[in-house]
Amino acid sequence: MELRVLRYFLHVAREGSITRAADLLHVTQPTLSRQIKDLELELGKKLFIRSSHNIILTEEGRLLRKRVEEIVHMVEKLEAEFTSMEETISGDVYIGSGETDAMRQIAEVVKDIQLQYSNIRYHLYSGNEEDVSDRLDRGLLDFGLLIEPADLSKYNYINIPTKDVWGVILRKDSPLAVKRTIQAADLFNVPLICSRQAIKQTYSKNVFADWFGEDFDKLNVVTTYNLAYNAAIMVDEGIGYAITLDKIVNTSNESNLCFRPLEPQLESGLNIVWKKQQVFSAAAEVFLRGIQARFSNPISEK
């Protein structure tokens, strides 16, 4: 398969029309149609369902679109890395992270680097530990900021010297809002909105489950989430109480919501990670040096 043809396919998939895609690509419609048909013959699968007005991706077409987007992204990333191998360092750094106030510390590193390397660009991807790890493993990210509990066995990592505090986001008119802290007993009989990463028990030690104790399985979890912004909307609409980290949801005086920490206090550490034997671009090397200088602790390599 030629990359050119895969790009053609991606344009057709995005536009939903051979005609519009041909106009964007500056090729004739018959030429583009022939290229798509040849691709279908090569793969032995029908990629589009054609009608008089538009075309719709088949199941095989949707899978190919996902893979082609990844391939094109990797090619563009590779081209940018080679372009950056000049006397003046430039290029792109791809960073994935869960929602955490510790991103401020990463931003401070970026700000320091910009003073010397203004041509480096940064691309942020937000997701939970599973999302970020998946993109790291596929080479779509250079670094990940993972909130514990997280599986670090596959990565080199540097610990970020800060802790995220767990608590509950609730409406200010909630009966529990009068409490300064929230205990486990307060949460067993109320609808909960929980982080999928926090409640899944795939780690050797899940501190979140340990905090609740033996009655963890009795929680009334009505909704799970991976991004706290959407969870906060559910709380605001009266769906339940969201267990999340401090400082990532608006709980100002203007907000209907407030945050109450758990008691006893539950904290999560953070680590910036990257693949073992990772070959970095010049821009990513600069960022790694900045991280090392900022946090001045040894890299953990296992």
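These figures come from a predicted structure and were not determined experimentally. FYI, side chains are in, hydrogens and waters are out, and symmetry mates aren't considered; it's all heavy atoms of this structure.
Taking the six-membered ring for Trp and the full ring otherwise, the centers of F188 and F216 sit at least 6.0 Å from each other. Between F143 and F287, the ring centre distance stays below 6.0 Å.
Residues E40 and R50 are paired through a salt bridge, judged by an N-O separation under 4.0 Å between the basic side chain and the carboxylate. Taking a cutoff of 4.0 Å between a charged side-chain nitrogen and a carboxylate oxygen, D186 and K179 qualify as a salt bridge. Between D101 and R104 there is a salt bridge, since at least one side-chain N of the basic residue sits less than 4.0 Å from a carboxylate O of the acidic one.
Of all heavy-atom pairs spanning P175 and Y241, the tightest one is CD-OH, 4.0 Å. Minimum heavy-atom separation, K46 to T58: O-OG1, 2.7 Å. Heavy atoms only, all atoms of each residue included: W166 and S268 are closest at NE1-OG, 2.7 Å. L270 approaches N159 most closely through the heavy-atom pair O-ND2, 3.1 Å. Nearest heavy atom pair, residue A177 against residue R171, reads CB-O, 3.7 Å. Nearest heavy-atom pair across Y125 and D131 is OH-CB, 3.9 Å.
Rounding to the nearest 0.5 Å places CD1 of I147 at 5.0 Å from OG1 of T100.
With hydrogens and angles left out, the side-chain atoms of T244 and Y225 include a donor and acceptor closer than 3.5 Å. Of the N and O atoms on the side chains of Q29 and T19, at least one donor lies less than 3.5 Å from an acceptor on the other residue. Under the 3.5 Å distance criterion, with hydrogens and angles disregarded, no donor-acceptor pair is assigned to the side chains of E15 and S17. Side-chain contact of D137 with Y155: a donor-acceptor pair under 3.5 Å is present, judged by distance alone.
Cluster membership check: L57 shares its hydrophobic cluster with L10, using side-chain heavy-atom separations under 4.5 Å among Ile, Leu, Val, Met, Phe, Trp and Tyr.
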